[in-house]
Structure formats: structure tokens, C-alpha cells
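To keep things clear, I will list the structure first and then write my remarks on it.
The chains referred to below are lettered A, B, ... by the order of the sequence lines, with proteins before strands, and numbering in each begins at 1.
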2 protein chains.
Amino acid sequence: MPPMPPPSEPEAANKAARGGDSDAPRQEIVKAAAELFMDLGYRATSIDAIAERMGSTKGRVYHWYRSKAEIYFDVQRSAMRRLTELVEPIAREGGPPQQRIERMARAHVDCLLHDLPMQKVSVQGLETHVITSDSVRHAKAMREIVGLRDAYEALFCEVIDEGIRAGVFVDLPPRLLSKPFFGALNWVTIWYRPRRLQTEDDLQMLGEMLTEFAVRGILKERN
Amino acid sequence: MPPMPPPSEPEAANKAARGGDSDAPRQEIVKAAAELFMDLGYRATSIDAIAERMGSTKGRVYHWYRSKAEIYFDVQRSAMRRLTELVEPIAREGGPPQQRIERMARAHVDCLLHDLPMQKVSVQGLETHVITSDSVRHAKAMREIVGLRDAYEALFCEVIDEGIRAGVFVDLPPRLLSKPFFGALNWVTIWYRPRRLQTEDDLQMLGEMLTEFAVRGILKERN
DNA sequence: GTTTCAACATACCAATCAGTATGCAGCCAA
DNA sequence: TTGGCTGCATACTGATTGGTATGTTGAAAC
């Protein structure tokens with residue numbers, strides 16, 4: 001595999017953007033790691049492979065991260081942050097619950113499809129494979145990730161609850177109803193493989209189709 | 001972990017039941033392996049751990065299997081065989097497509113829930129993590145598993161196609177429509193954790209709820 | 001110009017683990 | 001009773017890999 005050219009993105013002037021923590025080199029590592037986690041899984045991905053994908057060596061990775069698990073948790077954080085940034089504004093909007101949940105689902109799927117590596121790692125229960133190896137050491141980070149996911153799913157559950165009380169969604173516990181709802185959407189991370197000839201239009205149609213399926217699943221039939 | 005007592009099942013008289021291949025000790029290994037694959041993932045599961053779970057040692061495992069990948073493929077085969085045995089008869093029955101697809105989905109979910117370890121390993125794209133390590137050596141076994149899964153999914157696609165032509169299901173390619181359909185059902189292998197206080201009734205209600213959600217997703221709305 | 005330090009690269013270690021080689025007990029046939 | 005064979009257990013090896021310890025370099029600070 002030929003070494004990748006340096007990213008040469010507009011990397012200027014975000015040095016101390018955040019608390020001095022989340023940097024540009026860290027994001028590059030997270031991206032490379034997410035791609036490998038997606039293809040090989042967490043265990044099978046070696047730090048050397050992550051470094052090689054960036055055209056560097058292990059030293060660089062361990063300069064920015066103290067362990068592989070820490071990289072993994074950053075992948076999770078990034079994924080949840082992007083989803084929340086996209087979906088939360090829609091959830092806070094007004095309007096009928098049916099339209100809001102549809103727009104939220106659509107944004108959710110679009111994010112999955114356009115950021116597949118990170119989102120695939122995040123969305124599947126891959127975490128269990130990590131915690132079991134070091135259940136004690138990373139308990140705090142695990143709780144944080146679980147908290148982020150719970151808060152994100154709560155956005156949907158609240159809108160679903162609204163729709164139930166309005167009588168337009170089937171009358172079941174929102175927490176339970178959200179499971180197959182997310183299933184219909186998130187399953188795309190399991191079966192979908194990006195093709196060469198796939199256009200942006202194809203992705204849009206796919207997103208629309210999955211969204212409509214999921215919404216039909218919660219809509220009460222109106223005879 | 002205390003060593004498990006010997007299974008002491010009715011293990012008599014199935015010695016040469018099949019072609020002399022699939023035996024009772026092999027099934028015990030497959031079961032132990034499936035449970036560990038589910039909890040830890042393929043890579044993180046060591047042969048020693050599989051043996052320890054059976055109260056034996058590595059020698060026993062390697063007496064019946066030549067590699068870890070071979071065990072993995074047997075888990076897949078067993079899972080697909082059970083599903084197909086349950087669902088195929090329903091698919092071959094007569095009756096309206098809506099009722100048939102509902103019964104098939106129900107049988108599918110029930111099988112997932114009652115055989116979680118094997119089915120979870122089978123249903124998720126865990127396979128990719130295996131092939132990438134030895135893509136050439138296990139290509140044949142991989143093709144077999146993929147073939148089994150394709151044939152199984154085709155059972156659903158055919159009934160869906162019937163329903164589309166009858167005008168009761170939404171008019172989309174069955175192959176595509178089946179993706180979120182399976183997603184709504186299969187996602188249960190990701191979020192569901194068996195609880196101590198879970199009764200058989202709870203499982204039944206869960207299966208019913210997921211099935212109804214999935215069927216609503218393909219049903220054309222009748223205004 | 002030299003001190004300092006961030007940002008890496010290189011070399012190395014210890015642990016894990018798939019797979020192999022070998023030992024060994026019991027059973028069955030001759 | 002012996003020879004062979006099945007069904008394991010035990011001992012061992014080579015390869016991988018997470019993590020550490022130690023160089024090295026370029027540039028800013030003074």
C-alpha cells in the first residue's frame with residue numbers, strides 16, 4: 001500500500017480551538033482508525049495498521065493517544081456528536097410529530113451513509129468487544145458513550161411519545177417502539193457497501209426509502 | 001469459572017446419522033464457541049476459552065476441528081439451517097402473502113430470541129472480520145454461507161414480490177424492501193439482553209411487536 | 001547559537017494465542 | 001496380551017501485537 005500524501009487540508013488556526021484536547025492530528029487518527037475498525041473489527045485492527053494508513057508509524061499514534069481503546073472511544077464520541085448536531089435542531093422544531101420524526105430519520109440515515117466508517121463502528125454493539133477486555137479501566141468512558149447514545153435516542157423517543165399522545169402513532173412504549181425503528185434505519189450499516197457507480201441520487205433514494213419504511217412502522221393505520 | 005458438568009444429553013445413536021461429519025461433540029463445541037463469539041467477538045475468542053467453557057482443553061477442540069475459522073463456519077451453518085427449517089415450510093404454504101410474511105417474520109424473530117448466541121453471530125456481518133484475515137483459504141466456505149443466506153432471504157423476497165403484485169405491499173424492488181424489513185427484526189440481536197426476570201410471555205410480546213412493525217413497513221397504506 | 005520542546009520515528013519487550021507435536025489411557029478385535 | 005485406534009490432555013513454538021523506552025529533528029524562544 002503506497003503511503004498516503006499528507007492531507008493538506010486547511011489545518012491552520014484551530015490549534016487551541018477547543019480545550020487543547022481535540023486536535024487536527026487526532027481527527028486524522030480517528031478517521032483512519034474508524035475505517036479499519038469498520039473493515040476488520042476492533043481487535044483485528046493493529047496500531048501499526050492505523051499508522052501505516054496515515055503514512056506514518058506507531059510513534060505518532062501513541063503521541064496523541066495513550067491506548068487503542070482511547071482512539072475507539074473518540075470514534076464513538078465523534079460519531080455521536082455529528083448525529084446529535086444534525087438531528088437535535090430538527091427535534092426542537094415545532095410542527096406535527098409525524099413530519100418531525102420523518103425529517104429526523106432522514107437526517108439520521110443520511111449521516112450514516114455519508115459517514116459510514118465512523119457510524120458503522122458507533123451504531124453496532126461493537127463496544128461490548130472492547131469493554132469485556134478492560135471492563136474496569138474504561139468504565140467511565142463507556143458510561144459517557146452510553147449517555148450520549150441514550151440522550152440521542154431520547155430525542156426520537158420524545159417525538160414518538162408526542163405522536164402517540166396525538167393518536168397518530170401506534171400505542172406502545174416509545175422506548176420499545178424506537179428499537180425496530182432504529183433497526184430499519186441502522187441495518188443499512190450492515191448490508192450496504194459503497195459501490196463505484198453509486199451516485200448521490202442513489203443515496204438520496206435509499207435514504208428516502210428507509211425513512212418511509214421506518215415511519216410506516218410507527219404510524220397507526222387509518223382505516 | 002467452575003468446569004461445567006458433562007452434557008449427558010441423549011447422545012446415543014446419532015453416530016453415523018449424517019455423512020460421518022456433524023457429530024455430537026462438534027455441536028457442543030459449536031455451542032460453546034457461539035456463546036463466546038457473541039460476547040467477545042471472533043478475534044477475542046481463544047480456542048483455550050472455548051475449551052475451558054466445555055471443561056476440557058485445546059486438544060479436544062483441535063481433535064474435531066482443524067481451525068477456529070472452521071468452527072465459525074459451522075456456527076453459521078447451524079444458524080442458517082435452523083432458520084431455514086422453521087421458515088421454509090411457512091413460505092411454501094398457501095394463503096394470502098400478508099399472512100404468510102407475517103408468520104415467517106414471527107418464526108424468524110422467535111428463532112433469533114431463543115437461539116441468541118448462534119443467531120447473533122450469524123445475523124451480523126461478523127463474517128467480514130473473518131474473511132479479511134484469510135480471504136483465500138476460506139473462500140469456498142464463505143461462498144457456501146453466503147449462498148445459504150441468499151436462499152433464505154429469497155424465501156422472504158418471493159412472498160414480498162407476491163404481495164406487491166397483489167397490490168397489498170408498497171411497490172418497490174423486493175430485494176430492497178427486504179433490507180429494512182430484516183433490519184427491524186434482526187436489530188433485536190444488537191439491543192436485546194436476556195434478563196433474569198424475562199418470562200416466555202415477554203418474549204412472545206416482543207416477537208409480536210417486532211413482527212407487526214416490520215409488516216406495517218411493507219404494507220401499502222389503504223386510505 | 002544554544003536551549004528547549006513538540007512531534008514524531010525506531011527499537012524493544014512481554015504477553016497472548018493459533019496451531020502442532022507428542023503423550024497416554026481406555027477399549028475393542030484377533 | 002497385544003496391537004491398534006479413538007479421544008482426548010499436555011507441552012511447545014512461532015508469529016502477532018499493545019505498549020514502552022529511547023532516539024532524532026526541526027523550529028521557536030531568548
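- Qualifying side chain to side chain contact (heavy atoms under 4.5 Å, CB included) partners for A/P25, counting only residues two or more places apart in sequence or in other chains: A/D23, A/W64.
- Atom CH2 in B/W64 sits about 19 Å away from atom C1' in C/dT20, given to the nearest Å.
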Nucleotide N/O of nucleotides 16-18 of chain D paired with protein N/O under 3.5 Å:
{"residue": "D/dG18", "atom": "OP1", "partner": "A/T45", "partner atom": "O", "Å": "3.3"}
{"residue": "D/dG18", "atom": "OP1", "partner": "A/K68", "partner atom": "NZ", "Å": "3.1"}
{"residue": "D/dG18", "atom": "OP2", "partner": "A/I47", "partner atom": "N", "Å": "2.9"}
{"residue": "D/dG18", "atom": "N7", "partner": "A/K58", "partner atom": "NZ", "Å": "3.4"}

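- For B/R92, the side chain to side chain contact (heavy atoms under 4.5 Å, CB included) partners two or more places apart in sequence, or in a different chain, are B/E88, B/L155, B/E158.
- What separates OH of A/Y65 from C1' of C/dA7 is a distance of 16 Å, to the nearest Å.
- In this structure, A/M54 atom CE and C/dA7 atom P are separated by 14 Å, rounded to whole Å.
- D/dG19 atom P lies 19 Å from atom CZ of A/R60, rounded to whole Å.
- We find that A/E93 and A/R103 are joined by a salt bridge, their nearest charged nitrogen and carboxylate oxygen being less than 4.0 Å apart.
- Remark: P of C/dC8 and CZ of A/R26 are 13 Å apart, rounded to the nearest angstrom.
- The distance from atom CG of A/D23 to atom P of C/dA6 is 13 Å, rounded to the nearest whole Å.
- Side-chain nitrogen and oxygen atoms of B/H63 include at least one within less than 4.0 Å of the OP1 or OP2 phosphate oxygen of D/dG7.
- Residues forming a salt bridge (Lys or Arg N to Asp or Glu O under 4.0 Å) with B/E144 (at least two apart in sequence, or on another chain): B/R77.
- Not counting sequence neighbours, the partners of A/S67 by the side chain to side chain contact (heavy atoms under 4.5 Å, CB included) test are A/A69, A/E70, A/H138.
- In this structure, the side chain to side chain contact (heavy atoms under 4.5 Å, CB included) partners of A/A141, at least two apart in sequence or on a different chain, are A/F73.
- The CD atom of B/E28 sits 13 Å away from the C1' atom of D/dG7 (whole-angstrom rounding).
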